[in-house]
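First the structure, in the form of structure tokens, and then the observations on it.
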Amino acid sequence: MRSLEPVCTEDFDYHNHTILVVDSSTDNLYVSVSYLAECGFQVLSAKNGENAFSLANTEQPDLILIDVMLSGMDGFETCERLKAEPMTRNIPVIFMTGLAETDSKLKGFSLGAVDYLTKPFAQEELLARVTTHLKLKDLAENLEKKVRDQTQELVLANKKLEHKISEANRIASALRESEQRYKAVIENSNDGIVIIEAGKIVFLNEKVLHMFEYEHPESLLGRPVEDLFHPREKDRIRQYNRRRETGRPVPEQYEARGVTQSGHRIYIGVSATRITFQDRVAVLGFLKDLTRHKRLEGQLQQAQKMEA
């Protein structure tokens, strides 16, 4: 290798990278180690494969330069062992050799080497090959770190989303249970229940249908509430609802005569209050059928008169 002044002028952090140089030739080892050290690298050296393998496992260099023709365990075998170990398999290996045969280079690449330097080589070439592969290694590690960080962020975001979904499902389940309970109470109530908006019926339970002899809710939904009452009661019912919706004083409980779909007259006890329904002002009314009570009351009065 020709001896030249270091040309380490690139924007590269040489000092934070460690290189292991493995060469059985003392002279070649000295030249390579000296040049790389002058560039600012942290440099380790070994003269055989066993020492190189041991150093690589204990020191974890960023890159390994290894001569193919080593005594004992040659460079190929050393590389194979390094790539078989979890601690060293990701360290880039560059072979240095005087062998120019294609088969030798292919064998080195098949064992996991990233590059080949054919002796004799210039120091500029050595530096270029080393820095290129160190940059690639740094880039890969940074990319892996970003992927790990983003994956971790995604995992945390997924956990938060799963928690929100779980909480939303819990709330939805609680709302469904609450809705079912209220529905059971409303549908099994002994009183008819209506909600009135702007004077028109927007909700009613089954009891209202039964009380006024209707079969389907659609027969009453959207109709003025006074349609349920005797013609002589309509104005009173209409005025009560208007006053109640505007917040003016009005009786909360009163009696009125109603008319069923078949034309029968019934007596209704009304209890009504102003509410907010679907963010709008409405009236909630409870209707109790007093017809039987009124008849019994009339019969009692008649009996008392007869007795008198």
Legend entry - Pair Phe203 + Phe277: ring centers closer than 6.0 Å: no
Legend entry - Any donor-acceptor pair under 3.5 Å from Thr131 side chain to Leu127 backbone: yes
Inset, instruction - Please check if any side-chain donor atom of Lys47 sits under 3.5 Å from a side-chain acceptor atom of Thr26, or the reverse. - result: yes
Inset, instruction - Could you tell me which non-hydrogen atom of Glu245 sits nearest to which non-hydrogen atom of Gly199, and how far apart they are? - result: OE2-N, 3.4 Å
Legend entry - Side chains of Arg257 and Ile266 in contact at under 4.5 Å (non-hydrogen atoms): no
Inset, instruction - Using modelled atom types only, decide if a donor and an acceptor are shared between the side chain of Ser32 and the backbone of Leu29 within a distance under 3.5 Å. - result: no
Legend entry - Asn28 side-chain N/O to Asp67 backbone N/O, donor-acceptor pair under 3.5 Å: no
Legend entry - Donor-acceptor under 3.5 Å (Arg129 side chain, Tyr116 main chain): yes
Legend entry - Closest non-hydrogen atom pair between Ile193 and Leu284, with its separation: CG2-CD1, 3.8 Å
Inset, instruction - Would you check if there is a donor-acceptor pair between the side chains of Thr18 and Gln42 at a distance under 3.5 Å? - result: no
Inset, instruction - Would you name the heavy atoms of Asn90 and Lys83 that are closest together and state the gap between them? - result: C-NZ, 4.5 Å
Inset, instruction - Measure from the side-chain N and O atoms of Asp74 to the backbone N and O of Leu70, and report whether any donor-acceptor pair falls under 3.5 Å. - result: no
Inset, instruction - Indicate whether the side chain of His210 and that of Asp289 have a donor and an acceptor atom separated by less than 3.5 Å. - result: no
Inset, instruction - Flag the pair Ile91 / Asp62 as yes when at least one side-chain heavy-atom distance between them is below 4.5 Å, and no otherwise. - result: no
Inset, instruction - For the residue pair Lys135 and Leu139, establish whether any side-chain heavy-atom pair is separated by less than 4.5 Å. - result: no
Inset, instruction - Check whether any side-chain heavy atom of Leu36 sits under 4.5 Å from a side-chain heavy atom of Val21, and report yes or no. - result: yes
